[in-house]
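All heavy atoms count here, side chains included; hydrogens, waters and symmetry mates do not.
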Amino acid sequence: MSWLFNLYETYESNLGQVGVIETKSNDREYTLLPVSHTTQNAHIEVLITENGEFHSASVVDKSDASTLIPCTEDSSSRAGSKVAPYPLHDKLSYVAGDFVAYGGKIKKEEPFAAYIEQLADWAKSPDTCAKVKSIYAYLSKRQLIKDLVEWKVLCVDAEKRLIEKWDKKYEHLYPEKPAIFTSVTGEQESAFIRFNVYSPDRILTKVWRDREVYDSFVNHYSRLLGEADVCYVTGKRQPGTEKHANKIRNAADKAKLISANDTSGFTFRGRFNTGNEAASISYEVSQKAHNALKWLINRQGKIIDQRVFLVWANDALDVVEPGEDTFSIDPTPAEERVKKSFTNEQFAAEVAKALGGYRSNLSRKAEVSIMVLDSATTGRMAVLYYRSMNKELYLEKLIHWHSSCVWLHRYRKNDKGENVQFFGAPATKDIAFAAYGPRASDKVVKGLMERMLACIVDGNRIPQDIVKSAFHRASNPVALEKWEWEKTLSIACALVNRQEGSQVALDTENEDRDYLFGRLLAVADVLERRALGSEETRASNAIRYMNSFAQHPARTWRTIQMSLQPYQARLGTKATYLSRIIDEVASRIPLDKFNNRPLSGKYLLGFYSQRHELYQKKDKQDDSNGSSDESSVNTENI
């Protein structure tokens, strides 16, 4: 129950945000819902005067359809033909007293009778407010559809019956297709109606945004809750509930995290007679925890193929996410970041400085929670991953990750759209694309992101299938676009380096056979590239044979070295330095290890570091001589 308790605490820590409308980047509005409230997309808005008279009505634009409405336990989980009215705003069949008179079909119990009785209890209770009384006074007259037809919001046929679906045969009655048929996907009777109160003398807050209306219903409904029971989350005796909220990821989401509605024996398996014998959760805790979860998902959750990745702290919402890359967590502007090679200890200190802002925003006892949610069916949702840990421990885990799974990357862009380099860990989403390609399905990406959480937060080893997939794609550059290969290469190096602990700077003392073979391949690539010049853009032989080289290094190196001879001749004395490096590196590989045993990921580290070193030296020479050649151009594209 710890995730429920942490969500409950988050709600209690943010009571000031209840009912405050916030806007997402796509202009969608959301808020921290009050207790006993939910959201619904409205199709028609009806304005009522303070005296309880009809004023006007209009079809709601889809961009403004989301409406915060009060709800009961029954209405929040109603399905099928079950009659369970919302307390105020609801579908036409519930709120219209003249629904049957205009051809509406009712199966069993009349929805309006249950709706108006429930609204009357609220309007006549000591907790009521003026707006609720005005709406009740109007709806008691049973003439809503009549007024909407006269206002040309709803449409009827020649027999004064509601038109089910728009058809060209009604064009003699309505020359243009009425807006209601564009707004409602089904029949007119399924239209959701929201009510507002109009005053000619003053501007009134919209009913669905009025805190007085919120508080009025919360206080009224709290008196109607059932008997108290021990809440398994808080340990207090409070009115319990077996009906829990849905609409967790969006307004159309029917999946629930907690459900006990199967009485046929499948859910309980004979262990319990009722659901609350398994676990009793109070109504207040359930409402606040679910509402906090919805709010957090809207505010900062990441959703990939309906799987939710969420990170938050109970006393400070904005916490750095474990799946972000080092570029995202470093507040230093990209153009001001110094290009230098760190040791792991030095870089850990730099990452700690970058995370200092998050550290100072959290209290000493702050808890950071990480949650992954997904649903296999329409009605059931599961918590796939959940961890809660002290913020200091969480930040230490992030520092370790960002200073161990590190390499030099050049695939990010700054605010100006320019390529910039950063040193650190790649994002988990980029790791997914490096391992499985940019066309990997959302199902594959979300699965990898979930698996990587344990590596970041718990310090587990990166799964070998992920490392191998990235390794094989990085070893096959001819199958990829140049930019994609360079990105895959640096990410693969970061994954391999998590275990090796190497630096980007060339390690001339490294005697590892695979690392040395990687250095040989890099020198061959640079030598041929310089001989070709900037006019030639084709891949070098070293790059073309890279995949074969990784599988059969000794045999493939013979082919590559033979293909280098024309280029060495073309460069003349300019090739002496690179040829000397080839001889020096090759001589350090023991004869018994100069064989065709496949190379490990270490060769990628040697390849990248040697190539980086050669380009760095060439850039410095060009700066001092005032000249430039193809190698310096390539440096920008690495």
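- Applying the ring-ring contact (aromatic ring centres under 6.0 Å, His included) test to Y515 and every residue at least two apart in sequence or in another chain returns nothing.
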**Asked** Does the side-chain contact (heavy atoms from CB on, under 4.5 Å) test come out yes or no for R611 and L489, once each step is laid out?
**Response** CA-CA 12 Å; R611 190 178 63 153; L489 175 62; 3.7 Å; yes

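- Every side chain to side chain contact (heavy atoms under 4.5 Å, CB included) that A382 has, sequence neighbours left out, goes to L384.
- By the 4.0 Å N-to-carboxylate-O rule, K288 lies close enough to E12 to be salt-bridged with it.
- With sequence neighbours excluded, the residues forming a side chain to side chain contact (heavy atoms under 4.5 Å, CB included) with A255 are R249, D253, S375, M381, listed by chain and number.
- Among D514, D512, D507, the single residue meeting the salt bridge (charged side-chain N to carboxylate O under 4.0 Å, His left out) criterion with K602 is D512.
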Please output the side-chain donor-acceptor pairs of residues 425-443 that fall under 3.5 Å, not counting sequence neighbours, one pair per line with the distance.
{"unit_1": "D430", "atom_1": "OD1", "unit_2": "K487", "atom_2": "NZ", "d": "3.1"}
{"unit_1": "S441", "atom_1": "OG", "unit_2": "V444", "atom_2": "N", "d": "3.3"}

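- Residues passing the salt bridge (charged side-chain N to carboxylate O under 4.0 Å, His left out) test with R451, sequence neighbours excluded: D465.
- Partners of V311 by side chain to side chain contact (heavy atoms under 4.5 Å, CB included), not counting sequence neighbours, listed by chain and number: V319, E321, P322, V368, I370, Y394.
- At a threshold of 4.0 Å, the pair K302-E324 counts as salt-bridged, since one of the basic side-chain nitrogens sits closer than that to a carboxylate oxygen.
- Considering only residues two or more places apart in sequence or on other chains, S63 meets the side-chain hydrogen bond (donor to acceptor under 3.5 Å, both in side chains) condition with D61.
- Between K482 and E486 there is a salt bridge, since at least one side-chain N of the basic residue sits less than 4.0 Å from a carboxylate O of the acidic one.
- For H43, the ring-ring contact (aromatic ring centres under 6.0 Å, His included) criterion is met by no residue, not counting sequence neighbours.
- Taking the side-chain hydrogen bond (donor to acceptor under 3.5 Å, both in side chains) definition, one finds that N541 meets it with E528, R544, sequence neighbours left out.
- For S183, there are no side-chain hydrogen bond (donor to acceptor under 3.5 Å, both in side chains) partners two or more places apart in sequence or in a different chain.
- Below 30°, between 30° and 60°, or above 60°: for F422 and Y411 the angle between ring planes is above 60°, a perpendicular geometry.
- There is a side-chain donor-acceptor pair under 3.5 Å between K247 and Q40.
- Between the side chain of S404 and the backbone N or O of H400, at least one donor-acceptor pair lies under 3.5 Å.
- Partners of T31 under the side chain to side chain contact (heavy atoms under 4.5 Å, CB included) rule, at least two apart in sequence or in another chain, are I21, L33, L68.
- Partners of S609 by side-chain hydrogen bond (donor to acceptor under 3.5 Å, both in side chains), not counting sequence neighbours: none found.
- Remark: R538 CZ is packed, more than 12 non-hydrogen atoms of other residues, nucleotides or ligands lying under 6.0 Å away.
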